[in-house]
Amino acid sequence: MKQVIADNLARVQERIATACGRAGRSPAEVRLVAVTKYVGVDAVAALLQLGVHDIGESRVQELIRKATGLPHRAGDPQAPRWHLVGHLQRNKVKAVLPLAALIHSVDSLRLAEEIETQSERAEVVTPVLLEVNPSGEASKFGVSVPAALPLAEQIVTLPHVSLRGLMAMGPLAGGEAATRRAFERVRELYDEMRAEGIGGADFRELSLGMSGDFELGIETGATIVRIGSALFEGLPQTHAEPHEHEPAR
Ligand SMILES: *Cc1c(COP(=O)(O)O)cnc(C)c1O
């Protein structure tokens, strides 16, 4: 299994380098988050051995299951940095806080306020991204483009929440042109927020792109790409699960 993942990883890294080359960017500017929702904890262990330490999960329960199934504890340099990339319910905030290095999916003030309350109790400051829904597709999470700036302005008033940037998914329909437009809209919003000084110097992450569209993400300025299936091709899917924005089963 490790060899299959190593080969896939090499291909993904090459594609990242090529996209960076086209965009005149350095691959060092783009962080790969390996989304492991399709595979088991052994695949996470293999990724860690291959030097990939940013690991993403879309569900809190699965993140906790995998994090507690690994031998690494907080502070261990070999420990994964967990990214929660999927929708977060308020009643799961408390459980995920001690584990997640970055929450990509804050899309409401109520959720941000719950993260504030729990972070204050735990005496931590929690890094988050604001999830934007640039295409307006109803099946997706994320705040609308017009509502994003006012929401960001409210989130940055919360002392135990640190707004680090924006996350978005491309639209399901419309192909590459629609994805490019959606990503560019998010990039404009990101530039606008930076120009206004929202989040200060720590506001510098743009989480754009998955297996099918990460090159477009990189061309649009992504600092984080969230890649699952392209890393695990050829492995049995132990945890098959659709993308969150696909119709409910
Ligand atoms: C599953 C998922 C990914 C990874 O998707 P792939 O197409 O498998 O690369 C990225 N981001 C989110 C929010 C996801 O749910």
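Remember, it's 1-based here, ligands and their atoms both numbered in the order they're listed. This chain uses plain numbering: 1 for the first residue, then up along the sequence.
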Q: Tyr38 heavy atoms, cut-off 4.0 Å: which ligand 1 atoms fall inside?
A: 1 (C), 5 (O), 6 (P), 8 (O)
Q: If we count only N and O atoms by modelled type, under 3.5 Å, do the side chains of Glu29 and Thr223 hold a donor and an acceptor together?
A: no
Q: Under the side chain to side chain donor-acceptor pair (under 3.5 Å) rule, collect the residues that match up with Arg164, sequence neighbours excluded.
A: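 Testing Arg164 for side chain to side chain donor-acceptor pair (under 3.5 Å), a comparison that skips the adjacent residues, returns Ser162.
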Q: Which of the atoms in ligand 1, numbered in the order shown and given with their element, are less than 4.0 Å from a heavy-atom of Ile227?
A: 9 (O)
Q: Quick one: closest heavy-atom pair of Pro134 and Ala182, and the distance?
A: CB-O, 3.5 Å
Q: Identify, by atom number and element, the atoms of ligand 1 in contact range of Ser229, meaning under 4.0 Å from any of its heavy atoms.
A: 6 (P), 7 (O), 8 (O), 9 (O)
Q: Tell me, please, which residues at least two apart from Asp7 pass salt bridge (charged side-chain N to carboxylate O under 4.0 Å, His left out).
A: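 Scan of Asp7 (salt bridge (charged side-chain N to carboxylate O under 4.0 Å, His left out), adjacent residues dropped) gives none.
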Q: With heavy atoms of Met169 as the reference, note each atom of ligand 1 found under 4.0 Å away.
A: 13 (C)
Q: Do Glu205 and Tyr190 make a side-chain contact, defined as non-hydrogen atoms from C-beta onward lying under 4.5 Å apart?
A: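 Side-chain contact under 4.5 Å: no.
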Q: Only heavy atoms of Arg226, strictly under 4.0 Å: list the atoms of ligand 1 that pass.
A: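 Near Arg226, meaning under 4.0 Å from one of its heavy atoms, ligand 1 has 4 (C), 9 (O), 10 (C), 11 (N), 12 (C), 13 (C).
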Q: Could you tell me whether His104 approaches ligand 1 through its side chain, its backbone, both or neither, with non-hydrogen atoms closer than 4.0 Å?
A: neither
